[in-house]
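Worksheet for the structure shown next.
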Amino acid sequence: MTAADQRYMAEALRLARFGLYSADPNPRVGCIIVRDNDVIGSGWHRQAGGPHAEIHALQQAMTSGNGQARGATAYITLEPCCHHGRTGPCTEALIDAGIRRVVVAMQDPNPLVSGQGLKLLREAGIEVNIGVGQAEAESLNAGFAARMRRGRPLLRCKLAMSLDGRTAMASGESHWITSGVARQDVQRLRARSSAIMTGIGTVLRDDPQLTVRHEDPGNEWVDDAVLRQPLRIVVDTHARLPHNARLLQTPGKIVLATSTAAAQTLAAQSLPSSQVSLLPLPLDQDQRLDLTALMQALADYELNEVMLEAGATLSGAMLSAGMIDELIIYMAPKLMGNNARGLFDLPWLSNMSQCVEIEISDIRAVGHDWRITAHVAGKIES
């Protein structure tokens, strides 16, 4: 691997990030094609069902001044596909174009591809190198990789708190803990997510819409032409979702995760079946929904990244079950007092040896607030 390989792959990764808000449920992929130290083609995967990054780059290379990609090197952030899905296999396109060398950041975790695309390229006489920019590529597609490798989506838990770790006053009042700048930053997180999940308690208390709102017309963080609304998931064991909830008055699909018994009752009621899908789940030993079964079931919806925006009960249950992969905590410079509500309901935690260890990976200012990115260190023993 050369310095040039690293430089060109960095450019391919930059292109892949353009798909952050639109490529779902597919991975975010970028590609550039280089011949004689000149970039003759570039592309990124925009939307599922559309051309992959390699196809965009090859089309540009074929229509450039040089006229063809034969003998060139392709830098691709993910192993090229080798199967017929929504589109044709990119391996065939690369081989037919006469690409001489392919540099790949990461192997595709999809079992339909995983290693087979690279094998086909090598069998066609193409030099293949893998691993340049792998960490960045893995991070960009952590949700896709989680779904393919673990059979469940990545779960990102978003919370807003005061400096003393409180999320709402004792009365339940919580609007607004953080500033408008922080709330707009949350919209970016929502926009990149496959789904937004909350609990019935939050629905009954706050009546949220759980939609992406691109409120600043001068903000170009996402192209309105490709802005999609994430799936909305409500965890509602006893089927208490009100028929007049704002969720049901707002266009967009909703998955209602509930108990098997409650689902049978709801099936005979008048929830809008075109909008609401029932997800019947078994109960655990505490007579709550089995959260492991829930997360595994969500993979069937082709969800890569799920954003959890819930109260202390569901957030605490997900944390206790070891389901939370990443914590995004917005901390406001204000104090709410000891009677206000905390971040997580963890009734099993009674001594220091049980404390949940958190590893912080990033802290940065967002307006007047701070955004903390972290994950749980080690296994939780609840």
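Index from 1, following the sequence. Remember, it's a predicted structure, so these values are computed and weren't measured experimentally.
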Check residues 147-156 and write down every donor-acceptor pair under 3.5 Å in which the side-chain atom is one partner and the other belongs to a residue at least two apart or another chain.
| from | atom 1 | to | atom 2 | distance (Å) |
| --- | --- | --- | --- | --- |
| R147 | NE | N304 | OD1 | 2.7 |
| R147 | NH2 | P25 | O | 3.2 |
| R147 | NH2 | N304 | OD1 | 3.1 |
| R149 | NH1 | E138 | OE1 | 3.1 |
| R149 | NH2 | E138 | OE2 | 3.1 |
| R150 | NH1 | D325 | OD1 | 3.0 |
| R150 | NH2 | D325 | OD1 | 3.2 |
| R150 | NH2 | D325 | OD2 | 3.1 |
| R152 | NH1 | M323 | O | 3.4 |
| R152 | NH1 | D325 | OD2 | 3.3 |
| R156 | NE | E326 | OE1 | 2.5 |
| R156 | NH1 | E305 | OE1 | 2.9 |
| R156 | NH2 | E326 | OE1 | 3.4 |

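Side chains of L279 and L294 form a contact here, defined as non-hydrogen atoms less than 4.5 Å apart. Between T198 and V203 there is a side-chain heavy-atom pair separated by less than 4.5 Å. Side-chain contact between D362 and R364: present, with at least one pair of heavy atoms (C-beta onward) separated by less than 4.5 Å. Side-chain contact between L204 and L241 is absent, with no heavy atoms from C-beta onward closer than 4.5 Å. Considering only heavy atoms from C-beta on, T202 stays 4.5 Å or farther from E309 through its side chain. Within the 4.5 Å cutoff, side-chain heavy atoms of L283 are placed close to those of T237. With contacts defined as side-chain heavy-atom distances shorter than 4.5 Å, the pair R190/K158 does not qualify. L20 is listed as a side-chain neighbour of R28, based on a closest heavy-atom distance under 4.5 Å.
Side chain to side chain, T63 and Q59 fail the donor-acceptor criterion of an N or O pair below 3.5 Å. Between the side chains of D369 and T178, not a single donor N or O lies within less than 3.5 Å of an accepting N or O. At a cut-off of 3.5 Å, with distance as the only test, a side-chain donor of D24 or S194 sits close to an acceptor on the other residue.
Within 6.0 Å of atom CZ in R288, 12 or fewer heavy atoms from other residues, nucleotides or ligands are found, so the atom counts as exposed in its surroundings. The neighbour count for D36 CG, taken as heavy atoms of other residues, nucleotides or ligands under 6.0 Å away, does not exceed 12. Heavy atoms from other residues, nucleotides or ligands lying under 6.0 Å from CD of Q249 number more than 12. Heavy atoms from other residues, nucleotides or ligands lying under 6.0 Å from NE2 of H368 number 12 at most.
Atom CE in M336 sits 11.0 Å away from atom CG in N339 (nearest 0.5 Å). To the nearest 0.5 angstrom, I99 atom CD1 is 12.5 Å from E127 atom CD. Note that SG of C157 is 4.0 Å distant from CG of L159, once rounded to the nearest 0.5 Å. The structure places OH of Y330 at 13.0 Å from CE of M161, a figure rounded to the nearest 0.5 Å. Atom-to-atom distance recorded for Q107:CD and L118:CG is 6.0 Å, nearest 0.5 angstrom. T313 contributes atom OG1, which lies 5.0 Å from atom CG of D345 (distance to the nearest 0.5 angstrom).
Checking I32, V102, V103, N37 one by one against T73, the side-chain contact (heavy atoms from CB on, under 4.5 Å) holds for a single residue, V103.
Closest approach of A69 to L58, counting heavy atoms only: CB-CD2, 4.1 Å. Among all heavy-atom pairs drawn from W348 and S320, the shortest one is NE1-OG, 2.7 Å. The nearest pair of heavy atoms linking L140 to R192 is O-NH2, 4.3 Å. The two atoms that bring A257 and L289 nearest to each other are O-CD1, 3.4 Å, heavy atoms only. For R371 against D185, the heavy-atom pair with the smallest separation is NH1-OD2, 2.8 Å. The minimum heavy-atom distance between T258 and A239, with the atom names listed, is OG1-N, 3.7 Å.
The hydrophobic clustering, which links ILVMFWY residues whose side-chain heavy atoms are closer than 4.5 Å, places L343 and V366 apart. Cluster annotation: I196 is connected to L247 through the hydrophobic network of ILVMFWY side chains, with a link wherever side-chain heavy atoms come within less than 4.5 Å. I55 and I76 fall into different hydrophobic clusters, where Ile, Leu, Val, Met, Phe, Trp and Tyr residues are linked whenever their side-chain heavy atoms come under 4.5 Å apart, directly or through other members. Linking ILVMFWY side-chain heavy atoms closer than 4.5 Å, directly or via other members, places L163 and L327 in a single hydrophobic cluster. Under the 4.5 Å side-chain heavy-atom criterion for grouping Ile, Leu, Val, Met, Phe, Trp and Tyr, L78 is connected to I33 within one hydrophobic cluster.
At distances below 3.5 Å, not a single donor-acceptor pair connects side-chain atoms of E54 with backbone N or O atoms of A93. At least one donor-acceptor pair under 3.5 Å links the side chain of Q229 to the backbone N or O of V212. Within the 3.5 Å criterion, the main-chain N or O of N110 finds no donor-acceptor partner in the side chain of S114. Checking side-chain atoms of D38 against main-chain N and O of I40 turns up no donor-acceptor pair under 3.5 Å. Side chain of D284 to main chain of D286: a donor-acceptor pair is present (N/O by atom type, distance under 3.5 Å, no hydrogens or angles). Remark: side-chain polar atoms of Q47 are not paired, donor with acceptor, to backbone N or O of S22 under 3.5 angstrom. D164 places a side-chain N or O within 3.5 Å of a backbone atom of G337 that can act as its donor or acceptor partner. Not a single donor-acceptor pair under 3.5 Å links the side chain of D206 to the backbone N or O of P208.
Hydrophobic side-chain contacts under 4.5 Å tie L120 to no other Ile, Leu, Val, Met, Phe, Trp or Tyr residue.
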Quiz item: Are T250 and R232 close enough, and set up right, to give a side-chain contact (heavy atoms from CB on, under 4.5 Å), and what steps lead you there?
Solution: CA-CA 11 Å; T250 308; R232 294 170 293 172; 3.6 Å; yes
Practice problem: Apply side-chain contact (heavy atoms from CB on, under 4.5 Å) to the pair Y8 and V39, showing each step before the final yes or no. | Solution: CA-CA 9 Å; Y8 290 132; V39 176; 4.1 Å; yes
Exercise. Begin from the C-alpha positions of I360 and I372 and carry the test side-chain contact (heavy atoms from CB on, under 4.5 Å) through to its verdict.
Key: CA-CA 7 Å; I360 296 174; I372 301 169; 4.0 Å; yes
Quiz item: Where do L346 and Q354 land on the side-chain contact (heavy atoms from CB on, under 4.5 Å) test, with the steps shown first?
Solution: CA-CA 10 Å; L346 303 172; Q354 294 176 298; over 6 Å; no
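The existence of a salt bridge linking R7 and E11 is excluded, since no basic side-chain nitrogen approaches an acidic carboxylate oxygen closer than 4.0 Å. Using a cut-off of 4.0 Å between Lys/Arg side-chain N and Asp/Glu carboxylate O, D96 and R70 are scored as not salt-bridged.
Using cut-offs of 30° and 60° on the angle between ring planes, the pair H45 and H52 is perpendicular.
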